[in-house]
Every structure is written in structure tokens, then in C-alpha cells.
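One structure below.
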2 protein chains.
Amino acid sequence: MAASALSKVESVGVNLSNALEDRGLRRTATRMTVTGRIEQLNGAFTAEQLCRDLPGVGRATVYRTIRHLVDAGALCKLPILDGAPMYSIARIEHHHHTICSSCGAVGEFRHSTVERVMRSLAKEIDGDIVGHRMEIFITCNSCLAESATGKFSVHV
Amino acid sequence: MAASALSKVESVGVNLSNALEDRGLRRTATRMTVTGRIEQLNGAFTAEQLCRDLPGVGRATVYRTIRHLVDAGALCKLPILDGAPMYSIARIEHHHHTICSSCGAVGEFRHSTVERVMRSLAKEIDGDIVGHRMEIFITCNSCLAESATGKFSVHV
DNA sequence: TCTGAAACTGATACCCGGTATCAATAACTG
DNA sequence: CAGTTATTGATACCGGGTATCAGTTTCAGA
């Protein structure tokens with residue numbers, strides 16, 4: 001792969017507990033448990049999955065903590081058609097997602113051309129552009145190897 | 001606006017009943033009622049809204065008909081963060097959506113550069129690209145005039 | 001270190017969007 | 001017309017998520 005407009009996302013030091021504290025929330029043991037689990041998950045997850053992983057933490061608390069993290073901008077909420085939204089740690093400020101339509105793996109990427117396109121669209125769209133969202137549906141390499149069948153619906 | 005890579009969507013003759021019939025479904029009076037209402041709505045709508053508009057049609061039937069139309073590719077299902085998905089008639093084959101974050105109005109557009117970007121990304125993303133989705137969040141002109149406050153959440 | 005206020009937690013009930021079920025009805029086919 | 005198949009809508013149900021609220025924890029200040 002040559003040098004290009006695409007930037008892969010590198011694992012930067014993300015500290016979800018700090019993100020909560022920065023919003024004036026207390027650093028409690030329960031929240032450390034939740035954020036710790038999210039950090040070790042190393043990928044996108046659903047709220048239910050987190051509840052299953054942390055049977056010692058109440059359902060409401062898991063959902064509340066996720067909501068706080070989304071509000072803090074530390075987690076991205078990805079709307080998946082026909083299913084529960086997935087969450088992933090926002091490692092970079094503005095980015096887009098790749099979603100494997102077979103296994104659901106989520107990746108982040110930046111591409112400067114996408115931002116350039118947005119600027120050119122700004123002149124031509126009626127109204128003020130306040131944001132955008134872009135997801136690329138892929139079949140990831142490991143699923144290609146297994147040639148698995150689709151699990152998530154794709155709106156093309 | 002000069003000639004550009006952006007194409008506005010024009011109202012083409014869409015016939016939702018035909019879309020259903022093409023899939024081997026019967027052209028019943030109830031379905032005509034539902035599709036007729038969607039066609040006269042002239043914009044994006046939610047399933048609940050359609051149910052309210054058609055009190056004479058059962059909830060299950062409204063949802064079933066919408067599902068059939070989505071399966072037929074005649075309706076687009078737009079995942080809205082924190083809320084019921086919206087549906088809009090797919091007037092052109094492949095397109096993207098503008099969503100007014102204030103009033104929720106949905107528009108369609110095509111932009112050839114977006115497709116070019118996708119092709120260039122194809123070389124650089126790990127895995128096979130099987131589709132993509134892009135939404136542009138705007139404040140539409142009429143909301144700008146009223147300077148209304150945001151109604152839909154925006155993931156930027 | 002105590003003490004009171006405020007924040008947090010988790011069990012629970014609830015809400016909402018959407019779907020499965022199923023008996024009754026409508027639409028086709030021969 | 002008779003039989004078969006599709007459709008309908010009332011209903012119960014499901015799953016994701018939130019409001020409530022009593023009990024617990026945390027923290028600031030005395």
C-alpha cells in the first residue's frame with residue numbers, strides 16, 4: 001500500500017474513565033469495571049454483550065455508562081439496520097467506519113478525500129451542512145477466508 | 001448552481017404497487033391504500049406516522065407492507081440514531097441522503113465524486129467493499145429561516 | 001472522623017418499535 | 001362453485017432501552 005489519503009487508525013492511549021471524570025462524573029468501582037471491559041474488548045460491541053460480560057453490574061448501569069461515554073464523545077454509536085446499535089471507542093476525532101457485513105467487525109478510517117468531497121458538496125446542497133456520516137460495508141479478510149454468509153443487512 | 005458532479009433527484013414515476021406485484025404479491029385494496037398514502041406523502045416518514053394516517057389499516061399490515069417495499073428496493077430505510085427509522089421512496093438506484101437535523105426532512109442526491117472516492121478506497125481497505133452508506137446532516141433552508149433547534153442527533 | 005448532601009447503583013416496572021401467531025377473510029385457480 | 005393460498009388485523013409477545021426509587025456509596029465541610 002502506497003502513501004495515500006487514507007489514514008489507518010492507531011491505538012492511541014484512550015482512557016474512558018478519564019472521559020467520564022472530565023464530565024464531572026465520579027470515578028466509581030462499577031464504572032471502572034465497565035470502562036475496563038470496554039477497553040479490553042478491542043473492537044465494537046453491543047450493550048447486551050457488555051451486560052453478559054459483566055453479570056455483576058446492573059443492566060441499567062451498563063446502559064447509563066455507555067450513554068455517558070457517547071455523550072462524552074469517547075464512544076461512537078453506530079446505527080445498525082435491523083439490530084441493536086454497536087459502540088466503538090472513538091480513537092480519532094472525526095472518522096468513518098468499516099463494518100464487516102458478515103462478522104460485524106468495525107474499523108475506523110479517515111480519508112482526506114471524503115472531507116474534500118464534503119466541502120465541494122457544501123456549495124451545492126440546499127441548506128447548511130452540519131455533519132455527515134459514512135459507513136463502508138465490507139467483507140473482512142478473515143470472513144473472506146471462511147466465505148461466511150451475511151449477518152448484517154446492507155443499505156447500498 | 002453550475003453544472004457539476006452533483007445530481008438532484010427528480011420525481012420519476014414511482015409505482016409502489018407495481019413493485020409489490022413484481023415480487024409476486026397480490027394487489028389488494030389494503031395495499032393500495034398504504035402505497036397510495038406513501039406516494040402522496042412526498043417525503044420521508046416513519047412507520048408510526050403511517051399508522052396514524054391510516055387508522056383503517058392494521059398496524060401489522062402497515063409494517064408488513066413497508067417491509068415488503070424495502071425488500072423490493074422501492075423504499076430506503078434510514079437508521080436514525082435514537083429514534084424510529086425513517087423510510088423514503090427510492091427514486092434513483094444508488095444515492096445518498098440529506099437529513100435536516102432540525103425538522104427531519106430527507107432528500108436524496110447523487111454525487112459522482114463519492115463513487116470515485118469509493119473506488120479509490122477499494123484499493124486501500126482491508127477486505128472487499130460490498131456497499132456503503134452516507135448521510136449528510138443539514139439545516140434545511142426553511143429551518144434556517146426559523147432558526148429552529150435540533151431534533152435529531154448527529155453523529156459527526 | 002463524623003455528618004449531611006449529592007451521586008450512584010441495581011431491581012423493577014415500564015415504554016416503544018416491531019414481529020409472530022392465528023382465526024377470519026379475500027383472492028385467485030381450476 | 002370449491003378448494004387452495006394469500007392477506008388481514010387483533011392480540012400477545014419480544015427486545016432494546018429508560019424512568020423510578022429505595023438503598024448504598026462518595027465526597028465536602030465541620
Side-chain angles (χ1 to χ4, degrees), chain A residues 16-38 44-72 75-87 104 151-153 155, chain B residues 16-38 44-72 75-87 104 151-153 155:
Chain A
L16 299 179
S17 300
N18 287 349
L20 294 179
E21 214 164 26
D22 290 349
R23 288 180 60 87
L25 300 170
R26 289 182 179 165
R27 179 186 295 267
T28 67
T30 310
R31 285 186 179 144
M32 298 290 277
T33 304
V34 176
T35 55
R37 179 62 189 154
I38 293 174
F45 59 92
T46 63
E48 282 307 313
Q49 178 183 341
L50 208 52
C51 288
R52 280 198 305 276
D53 289 356
L54 302 170
V57 179
R59 212 172 118 75
T61 301
V62 169
Y63 277 95
R64 268 191 298 246
T65 307
I66 289 175
R67 185 150 32 94
H68 283 138
L69 289 167
V70 171
D71 290 347
L75 284 186
C76 303
K77 181 174 182 178
L78 282 92
I80 304 291
L81 280 178
D82 308 320
M86 302 196 74
Y87 300 90
K151 174 175 160 200
F152 292 94
S153 57
H155 171 62
Chain B
L16 299 179
S17 300
N18 287 349
L20 294 179
E21 215 164 24
D22 291 348
R23 290 178 60 86
L25 300 169
R26 289 180 181 167
R27 181 187 293 267
T28 66
T30 309
R31 284 187 179 140
M32 297 291 276
T33 305
V34 176
T35 55
R37 177 64 190 152
I38 293 174
F45 60 92
T46 64
E48 283 307 314
Q49 178 184 341
L50 208 52
C51 288
R52 279 197 307 275
D53 289 356
L54 302 170
V57 179
R59 212 171 118 74
T61 301
V62 169
Y63 277 94
R64 267 191 300 246
T65 307
I66 289 175
R67 186 149 33 91
H68 284 137
L69 290 167
V70 172
D71 291 347
L75 283 187
C76 301
K77 181 175 183 177
L78 281 93
I80 305 289
L81 279 178
D82 307 320
M86 302 197 74
Y87 301 89
K151 174 176 160 198
F152 291 92
S153 57
H155 171 64

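Naming convention: chains lettered A, B, ... in sequence-line order (proteins, then strands); numbering from 1 in each chain.
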Would you classify B:Gly24 as touching base, sugar-phosphate or nothing, given that sugar-phosphate means primed atoms plus P, OP1 and OP2, and contacts are heavy atoms under 4.0 Å?
-> nothing
Taking only residues two or more places apart in sequence, or in another chain, which ones meet B:Arg67 in a salt bridge (charged side-chain N to carboxylate O under 4.0 Å, His left out)?
-> none
Can you list the residues that meet the salt bridge (charged side-chain N to carboxylate O under 4.0 Å, His left out) rule with B:Arg26, with sequence neighbours excluded?
-> none
Round to the nearest Å and state the distance from [X] atom [atom1] to [N] atom [atom2].
X       : N      : atom1 : atom2 : answer
B:Leu20 : D:dA6  : CG    : P     : 16 Å
B:Leu54 : D:dT8  : CG    : P     : 13 Å
B:Leu25 : C:dA27 : CG    : P     : 15 Å
A:Glu21 : D:dC27 : CD    : C1'   : 13 Å
A:Ile66 : D:dT18 : CD1   : C1'   : 13 Å

Those residues of residues 27-34 of chain B lying under 4.0 Å from DNA chain D by at least one heavy atom =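 Heavy-atom contacts with DNA chain D come from B:Thr28, B:Thr30, B:Arg31.
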Tell me, do B:Tyr87 and B:Leu78 make a side-chain contact under 4.5 Å, heavy atoms counted?
-> no
Would you indicate whether the side-chain heavy atoms of B:Ile38 and B:Leu75 approach each other to under 4.5 Å?
->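 In short, these two side chains touch, coming nearer than 4.5 Å.
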Modelled atom types, side-chain donor and acceptor of B:Glu48 and B:Tyr63, under 3.5 Å | yes
Which heavy-atom pair separates A:Thr35 from A:Leu69 by the least distance, and what is that distance?
->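 Scanning both residues completely, I find the closest heavy atoms to be CG2-CD1, 4.3 Å.
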All heavy atoms of B:Ala44 vs all of B:Gln49, minimum pair found to be O-OE1, 4.5 Å
Nucleotide by nucleotide, nucleotides 16-24 of chain C touches protein heavy atoms under 4.0 Å in the pattern (B base, S sugar-phosphate only, - none) -SBB-----
Can you list the residues that meet the side chain to side chain contact (heavy atoms under 4.5 Å, CB included) rule with B:Asp22, with sequence neighbours excluded?
->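 Partners of B:Asp22 under the side chain to side chain contact (heavy atoms under 4.5 Å, CB included) test: none.
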Side chain to side chain contact (heavy atoms under 4.5 Å, CB included) filter on A:Thr30, not counting sequence neighbours, yields A:Thr28, A:Val57, A:Thr61
Looking at OG of B:Ser17 and CG of B:Leu25, how far apart are the two atoms once the value is rounded to the nearest 0.5 Å?
-> 11.0 Å
Nucleotide N/O to protein N/O under 3.5 Å, stretch nucleotides 2-5 of chain C:
none

Using five pairs at either end of the helix from C:dT1-D:dA30 to C:dG30-D:dC1, determine the angle between the two local helix axes and round it to 10 degrees.
->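 Taking the rotation axis at each end, their angle is 20°.
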Apply side chain to side chain donor-acceptor pair (under 3.5 Å) to B:Thr65 and list each qualifying residue two or more places apart in sequence or on a separate chain.
-> none
For B:Thr46, which residues count as a side chain to side chain donor-acceptor pair (under 3.5 Å) partner, sequence neighbours excluded?
->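 For B:Thr46, no residue satisfies side chain to side chain donor-acceptor pair (under 3.5 Å) once neighbours in sequence are set aside.
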Scan residues 27-38 of chain B for pairs that pass salt bridge (charged side-chain N to carboxylate O under 4.0 Å, His left out), counting only residues two or more places apart or in two chains.
->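 Sorted result for residues 27-38 of chain B: B:Glu21-B:Arg27, B:Arg37-B:Asp53.
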